[in-house]
Every structure is written in C-alpha cells, then in structure tokens.
Student: 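Before anything else, here's the structure in question.
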Amino acid sequence: MSKKTPGVLTAVRHGRGGVKVAHHKNTAEMAIERMPVPNKVILPMQQHIGAPCTPIVKVGDTVAVGQKIGDSDKFISAPIHSSISGTVTAVGDVKLANGIITKGVTIESDGEMRLYEGIKPPVVTNKAELCAAVRESGLVGLGGAGFPAHVKLNIPEDKDIDTLIINAAECEPYITVDYRECIENAENILKGVEILKNILGFKQVIIAIEDNKPKAFEIMKEIADRDNDKGDAIKLMTLRSRYPQGAEKMMVLSATGRKVPPGKLPSDVGCVVMNVTSTAFIARYLETGKPLVSRSITVDGSAIAEPKNIRVPIGTNIQDIIDFCGGFKTEPRKIIFGGPMMGLAICSTEAPICKQNNAILAFDERKDLIKKERACIRCGRCVDVCPMSLTPTLIERYSRVKDAEKLKAINVNTCMECGSCAYACPSGRPLVQYIRLAKQVLREESGK
Amino acid sequence: MAKRLTVSASPHVRSSETTTGIMLDVILALVPALVMCAVYFGSRALVLTAVTVASCVISEFVCRKVMKRDNTLGDLSAVVTGIILAFNLPATLPLWMAAIGGIIAIVVVKQMFGGIGQNFVNPAMTARIILMVSFPTAMANWIASGQNAWEIDAITSATPMGQITEQLTEQIRDGVDFSLPEGLPSIAEMLLGKHGGSMGEVCSIALICGGFYLLLRKVISPIIPFFFIGTVAVFMFFAGGGNVDFVIYQLLGGGLMLGAFFMATDYATSPITKKGKIIFGIGCGLITSVIRIYGSLPEGVSFSIILMNILVPHIENLTLSKPFGFVKEKKEKKEVKA
C-alpha cells in the first residue's frame, strides 16, 4: 500500500517501543457467519467496567429480544438486554469464564427470536439525548475494553475536544472482527462517524487503520471520499502494525502527536477514541432502536478445527460456540478471551460470552510452551520495548520486596499491562504479573 | 469431560529470544577470533581456552550446589566468561593460573553477588586484573604471534601498545613533538593480528567481525561500542597532533576492540537506559585514553571498564526516563511560592 496516497495521512508521531508479534490473521478473509439460536443464554449483570446491574426480571417472566433485563442507577454502568426470546428460568449467581461469581439471568429460548415490541429508534438531536440513547442501547467498548460508551461520549463542558479518532487498529494477533467490520459494514461506520461528528462537534475525524489491512482501507476510503463533500473533516490514516498500536494512548499519539499524561484521559488532550465496531453500532441503533444483543467474535487458535468469524447472541455458552466451529481438533491447553497479548485465560468453557469479549482463542500443547524462567540478566529489552517509557525490571524488583515508596516513584500506575515487556524478556520473567502485584501493593498502601 | 486448562497471566505468547540463545550468539561471535588465536599461537591457545572454560563451568556448578541454588549452566554464561577470560591472557600463561582466573571470575565476582545479572563488575575483566596483580611476570609474557606458545623459549615481544606508550611517555617527559616509534607492525598486521598481545586482542578484524555479528543479531546495542571507540579516536586524534596512523594504532591495539564490543557491553554491568549507555561509552573512552597517555600502563581498557561498571547504578538513576506524557508541575510551585 503506497504511503503517499493523496488524502491519506500517515501517523503524526510513532510511539516508542512496542514489539513485532506474528499477526496470525488466519480468519481475515472469512466473512462473519451467523450462529444459529442457542437453546439458552446466561446474561451476567457485569459485562462492563463500572457498577454491576441488578436484574429487573424474575423467574417465569417471558422476555423478548432487546428487552431490558438488568439495569443500574450508577453513572458508570450500562443496561443489559435479552439476546433471545423465551422464559427466564433462573436469576441468581452465575460463574463467569474468569472464575468470578456474579448475578446473572438465565433465559431459555422459545426458538422464535421475537423482537421486543418496545423497541423504536430514539430521537437524538443533541449531546444529552445522544448519551441517553447510547446508554439505553447498552453499548460498551466493543474493542475488548468494555467501557460504557455513553460515559465516554458525555464530554464535560470545560474540556476542549476537537478530534474524534476511530480505532480500527486491531493490533492483537488472530483477531479480525474489526477488520471484517470495515469490509462488511463500512457504510454504517461512516454513518456513525457523521452522527458523532455532527452532534458532538468534532473539528476533525481520523479513522486509523494498521497497514496490514489494505483491503479494509480501500473500502473505507472509497466511502469516505464519497461522503466527504463538506471538506476534509473525515480523514483516513495508516498506522504501523506494531503492537500495541491499538492502545488508546498510542492511538492519540499517532493520530495527533499529543501525549495523554499519566492518570489522565484522551479527553484531557482534546480527543475521543471510539472503536470502529462501536461506532457502526451507534449508527444501527439510531436507525432501528435495537440494543446490543449480539456481537461478532473471532474463534481461532491451534486447537480449533474450523476457525471462523461469527456473530453470536450475548450470553451464548462458549462450548456451543466452539462446537459451531468444528469443536477442538486437538486437546486444548489454554483458552483465551481476547488476544494472546492481553487476553484472559479462562478456566472453563461452560460459561457465557459477554459483551466485551471479542475473540475466543484455543491453543493446544505446543503453543502453551512458555520460555524457561531464568534470572534477570539486566539486558534492558523490557526498558527498550515499553511504550510508556517505564522500567519493568525495576518494577519487578521493588514489587518482590513490596517497596511502595519506590514503586510510586517509578510510576507503576502508568503501565497499561500491554505485555510487551514480558513478551520481549529473554529470561521469560512474568513481568506483567509482577507489575499487577505492584499495583496491588500501591492500592493497599493508599487504602491505609 | 474435564479439560486440563492452563490459567496463567497474560501475555500468552513470548518472543523466541532466550538467554541461552543470546549467549550462544556471543560464543559464535567469538569463534573467528578463537580460530585466529589457534593460528597465531598454536594449539596451546585452544588448550588455555579449554582450561578457562572448564574452570568457569565447574566453578559455577560446584558453587551453585554448595549454595543450594539451582543449576544455571544451561544459560551458557559461564562458557562466555571462560572464553573472554582466555582472550585477556597471554598464550604462555601457566594453565593453573588460568584456572584460578576462572574460579575468581565465577565464584568471587559472579556467584558471591547473586549469579547472572547481579555482578557489579565484569567477571572476566576483574579476574584478569587480579591475575595481573598476583602474577605480574607471567601475565606480561606476551609473545609475538606466529610462534608456538608451548615452547618455553618463545620470544617475548613488547605489544604495539606497550611500544607506543613507552615512546609517548618519554616524549611527553622530554617535551618533544609526538612521533610513532620505529618497528611497529604495519596497520595491516595490526588488523590481522601479526603482532604481540594477549590471545584475544590480536586479531582485530576477527573481533570487529564478531562485533558486527552481535550488532546484526541485536544482541548488543551499537551505542556503547560507538561512543567508547569514538571517544578514544577523538581523544587520540588530538593527543597525537592529528596523526591518523596514531589513532588507528590506538584503536586496533591494547584490547580496545575486545573491550568495546564484548566486555563493556556486558548486560549486567552496563546501564539499561540509552542515555546511560552513552555516558558509559564516553566515560570508558575518556578513562582509557587518559590512562594510556598519562599513565604508565600500556592499556587502560580493563581499568576504565571496571571504573565505569562501578558507576552504573548512579548513571541509571540519573538517566531513567520520565513516563509517557509526563508533565512537569511548574504552575503549582509558583503558586506555593506566592
């Protein structure tokens, strides 16, 4: 892909560090398939960052697709909606794939997928109405973070925001759903961009895609040019495919050259970053009023028989999803929600898929091999690759002796746990784990 | 059917680089020089190397066992130390002295401080200095290359660095303009190693090739070698009154190539920050040059590296980067003052 295509931007600034990981985008050319309706779904009340919801239905209730079944009165939260039609069979504790037990609603399908009759497109003319609508849709960051979108869009009046960045980087290996979104749903992405731009008043919109996705880029460019008659407010940008390019702070740096200070948000430097799939969803929601009840995920990994991109109802059992992909072709040793760099290893496939999960990766014995752990040799590779300019080897040292004062001095909380340090370490040291423990030490210290 | 799933912390992939792999690369980089050693000094050079390597490996094994710690021979760092130690010795050194050197390097300098990554000075360098101080005659028994080191009556010869330093000291003392001494090996001979010196320091071209291999494999960063060698070059250019030949002799002799590429770049004893590496390289270069010009020792490389090693923790403290997006809080200070 030519770097000097007219009308296309290249990154303003490159982040330091980062690592080159093998992309493994095996499912890139696979169109998203629809999974048949499951017999039942389990909807946990915590599928987002923030306060968990409380169920608003009880056992025996009949529910329909898109009907709200859980809500919270806290600000940083998002309601949960039923993803199938049927009967509520249980309201109680459910175990999530990460082992956490939370409240959840179990619904058995009546096979009809009836749409909730209360669904109608919302009327949105200003920011307050947009945020209220987005909240009602149950939208959380679909790139894997799970942050309630309405909170992000509810920009305080005193903050001067000029740039909307649409994150289509998808820097984690294996995952291709955002890429497929760009190819299959580009119209809605652009519609979502227009809505956000017009209502929230951004001066410029930058849609940023990594350079290992040329096809997506061409399609997006074609549509952007077509819609861009009012000047060049909407721009496309190519980014180096270097992990962790898709991290929020790295996106802001590449798109605008601005650095988000430690402990601050992109809105503090005038930017809002939205995942590309979340943006497309906003357009669909404003058109149809149908809340977040299903999402696309990539299923891949050496243990999966038929890797695919599929659209699944939220709350579908993981084992059912894997069976739809041909089941396991070899004995799985590690199953991950998300990508290999920052994903969560799960302990059971008898658990529901949640809103913020964008991939299921199953690996067999060979891929599970981790480097032999040796003593730190002070090679400095962790320092070289850290995108936040931290010193992981020192953090590890102080973490092991729980020295809170020294840990505070070396800015542990700036770490975004991207995993570049542990990836690069030749001695196979579990650096991210030590960093998490260090953050725990600081939390306990400040809690005293 | 219950599955045995590993639930471990992210990241779930790792790069293919390992500590053992890095050490192997260093060994490979030293092979050309090792071959040239054998060519110039005969089979004794290889025997001497085998003795130092065996001494290092056995010391590490025994020491770890006695200390009730895990066996770390698999990381191959003891082998690397053994080879580099051998390269710092004259080919005629009695084997038992070489063995003692290995024991000192591994047990005293490395294992007593915690093993790999924990030593505060370069093990091979320190062992060399201790041998030099303990057995000065044997350690100064440099023979001209091309001779059989087994022969007791192999002709000793002054190293080129020795010759230059002697001449220079006299000229500085007499206030005479600088000139190179007679009878130095030609520059080509310096590159290829046809002159006197320690085993590993003679064949400059083999060492430079090894150094470039390490740079290519990204085992070492170019910063330290560049600034170390560069500082010596600049210093010697002015010290020698603009005499380019003088600069070249200074760069190719006295173990500078061995020191700059293989010893100053040792991970445990060099700074982990880029800025720190620059300071370290320049410091080594300055101290080496000062010792060579104003001191009576023919080579300053060993001492300069040790002295800079000791400063590394302070250099690191001074050069740690601020985190991404760090903003200095200037305005608040002004308000407090008012």
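As the structure is a prediction and not an experimental result, all values here were calculated from the model.
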Student: Look only at the side chain of T18(B) and the backbone of P426(A), and say whether a donor-acceptor pair between them is shorter than 3.5 Å.
Tutor: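 Such a contact is absent between T18(B) side chain and P426(A) backbone.
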Student: Tell me, yes or no, whether the heavy-atom count around E405(A) atom CD, taken from other residues, nucleotides or ligands under 6.0 Å, exceeds 12.
Tutor: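 Not more than 12 within 6.0 Å, no.
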Student: With chain A, which of S10(B), S15(B), A9(B) has the greatest number of heavy-atom pairs at distances under 4.5 Å?
Tutor: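 Highest number of pairs under 4.5 Å: S15(B).
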Student: Just verifying a value: how many Å separate R14(B) CZ and R429(A) CZ, rounded to the nearest 0.5 Å?
Tutor: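 Here the rounded value is 11.5 Å.
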Student: Considering residues, nucleotides and ligands other than F61(B), do more than 12 of their heavy atoms fall under 6.0 Å from its CZ?
Tutor: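 Count not over threshold, so no.
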Student: Should we count CG of N71(B) as having more than 12 external heavy atoms under 6.0 Å?
Tutor: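 Yes, because the 6.0 Å sphere around CG of N71(B) holds more than 12 heavy atoms from other groups.
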Student: Look at the side chain of K371(A) and the backbone N and O of E17(B), then say whether any donor-acceptor pair between them is shorter than 3.5 Å.
Tutor: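 It does hold such a pair.
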Student: With chain B, which of P430(A), C382(A), P261(A), G380(A) has the greatest number of heavy-atom pairs at distances under 4.5 Å?
Tutor: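 The residue among P430(A), C382(A), P261(A), G380(A) with the greatest pair count is P261(A).
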Student: Assess, by modelled atom type and distance only, whether the side chains of T20(B) and K372(A) contain a donor and an acceptor separated by less than 3.5 Å.
Tutor: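 K372(A) and T20(B) do not have a side-chain donor-acceptor pair below 3.5 Å.
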Student: Walk me through whether C347(A) and V7(B) qualify under side-chain contact (heavy atoms from CB on, under 4.5 Å).
Tutor: CA-CA 6 Å; C347(A) 52; V7(B) 180; 3.8 Å; yes
Student: Most heavy-atom pairs under 4.5 angstrom with chain A, which of Q118(B), E316(B), K274(B)?
Tutor: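 Maximum pair count with chain A is reached by E316(B).
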Student: So do the side chains of K334(A) and S8(B) get within less than 4.5 Å of each other, counting heavy atoms only?
Tutor: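 K334(A) vs S8(B): side chains touch.
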Student: Sort I377(A) into side chain, backbone, both or neither according to what part of it lies under 4.5 angstrom from a heavy atom of chain B.
Tutor: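 For I377(A), heavy atoms of backbone and side chain both lie under 4.5 Å from chain B.
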Student: With a 4.5 angstrom heavy-atom cut-off, is it the side chain or the backbone of C379(A) that approaches chain B, or both, or neither?
Tutor: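 Looking at C379(A), backbone and side chain both touch chain B.
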Student: So for S420(A), is it side chain, backbone, both, or neither that comes closer than 4.5 Å to the heavy atoms of chain B?
Tutor: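 Contact with chain B: none, neither part.
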Student: Decide if atom NZ of K406(A) counts as having more than 12 heavy atoms of other residues, nucleotides or ligands within a radius under 6.0 Å.
Tutor: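 No, not enclosed.
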Student: Checking heavy atoms, do the side chain of K322(B), its backbone, both or neither come under 4.5 Å from chain A?
Tutor: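 Interface part for K322(B): backbone (N, CA, C, O).
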Student: Do L390(A) and P323(B) come close enough that some side-chain heavy atom pair is under 4.5 Å?
Tutor: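 In short, these two side chains touch, coming nearer than 4.5 Å.
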Student: Determine, stepwise, if the pair L5(B) / R333(A) fulfils side-chain contact (heavy atoms from CB on, under 4.5 Å).
Tutor: CA-CA 5 Å; L5(B) 293 177; R333(A) 274 278 274 164; 5.9 Å; no
Student: Is the CZ atom of R258(A) crowded by more than 12 outside heavy atoms at less than 6.0 Å?
Tutor: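 Counting neighbours around CZ of R258(A), more than 12 heavy atoms of other residues, nucleotides or ligands fall under 6.0 Å, so yes.
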Student: Measure distances from S427(A) to the heavy atoms of chain B and classify the residue's part below 4.5 Å as side chain, backbone, both or neither.
Tutor: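 It is both, since atoms from each part get that close.
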Student: Verify the neighbour count for atom NZ of K218(B): are there more than 12 heavy atoms of other residues, nucleotides or ligands below 6.0 Å?
Tutor: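 Result for NZ/K218(B): open.
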Student: Okay, side chain of H12(B), backbone of G343(A): is any donor-acceptor separation there less than 3.5 Å?
Tutor: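 Side chain of H12(B) to backbone of G343(A), a donor-acceptor pair under 3.5 Å: yes, one is there.
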Student: For P387(A), is it the side chain, the backbone, both, or neither that has a heavy atom closer than 4.5 Å to a heavy atom of chain B?
Tutor: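 Backbone of P387(A) only, per the 4.5 Å heavy-atom cut-off to chain B.
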Student: Under 4.5 Å, counting heavy-atom pairs only, tell me which of I336(A), V19(A), D384(A), V269(A) racks up the most with chain B.
Tutor: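 The candidate making the most pairs under 4.5 Å is I336(A).
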Student: With a 4.5 angstrom heavy-atom cut-off, which part of L361(A) approaches chain B: side chain, backbone, both or neither?
Tutor: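 Interface part for L361(A): neither.
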Student: Which atom pair, heavy atoms only, marks the closest approach of G419(A) to P11(B)?
Tutor: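 Scanning both residues completely, I find the closest heavy atoms to be O-CG, 3.5 Å.
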Student: So for A424(A), is it side chain, backbone, both, or neither that comes closer than 4.5 Å to the heavy atoms of chain B?
Tutor: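 Answer is backbone: N, CA, C or O of A424(A) sit under 4.5 Å from chain B.
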Student: Indicate yes or no for a side-chain donor-acceptor contact from R378(A) to the backbone of S270(B) under 3.5 Å, with no hydrogens or angles considered.
Tutor: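 Pair found, side chain donor or acceptor close to backbone of S270(B).
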Student: Heavy atoms only, distances under 4.5 angstrom: which of E350(A), E417(A), M388(A) has the most pairs with chain B? Name it, please.
Tutor: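 So the answer, after comparing E350(A), E417(A), M388(A), is M388(A).
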Student: Which atoms of N98(A) are under 4.5 Å from chain B, going by heavy atoms: the side chain, the backbone, both sets, or neither?
Tutor: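 Interface part for N98(A): neither.
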Student: Using a cut-off of under 4.5 Å on heavy-atom pairs, state which of K20(A), Q433(A), R381(A) scores highest against chain B.
Tutor: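 That would be R381(A).
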Student: Which answer fits L320(B), side chain, backbone, both or neither, if we ask what part of it has an atom under 4.5 Å from a heavy atom of chain A?
Tutor: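 The answer is the side chain of L320(B).
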Student: Can you establish whether the number of heavy atoms outside K25(A) located under 6.0 Å from its atom NZ is more than 12?
Tutor: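 Result for NZ/K25(A): enclosed.
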Student: Is K249(A) positioned over the aromatic face of F324(B), cation under 6.0 angstrom from the ring centre and no more than 45 degrees off axis?
Tutor: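 Not satisfied by the 6.0 Å and 45° rule.
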Student: Carefully, step by step, assess S77(B) and R374(A) under the rule side-chain hydrogen bond (donor to acceptor under 3.5 Å, both in side chains).
Tutor: CA-CA 12 Å; S77(B) 58; R374(A) 293 192 183 276; over 6 Å; no
Student: Please flag which part of L431(A) lies under 4.5 Å from any non-hydrogen atom of chain B: side chain, backbone, both or neither.
Tutor: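 Contact with chain B is absent: no heavy atom of L431(A) under 4.5 Å.
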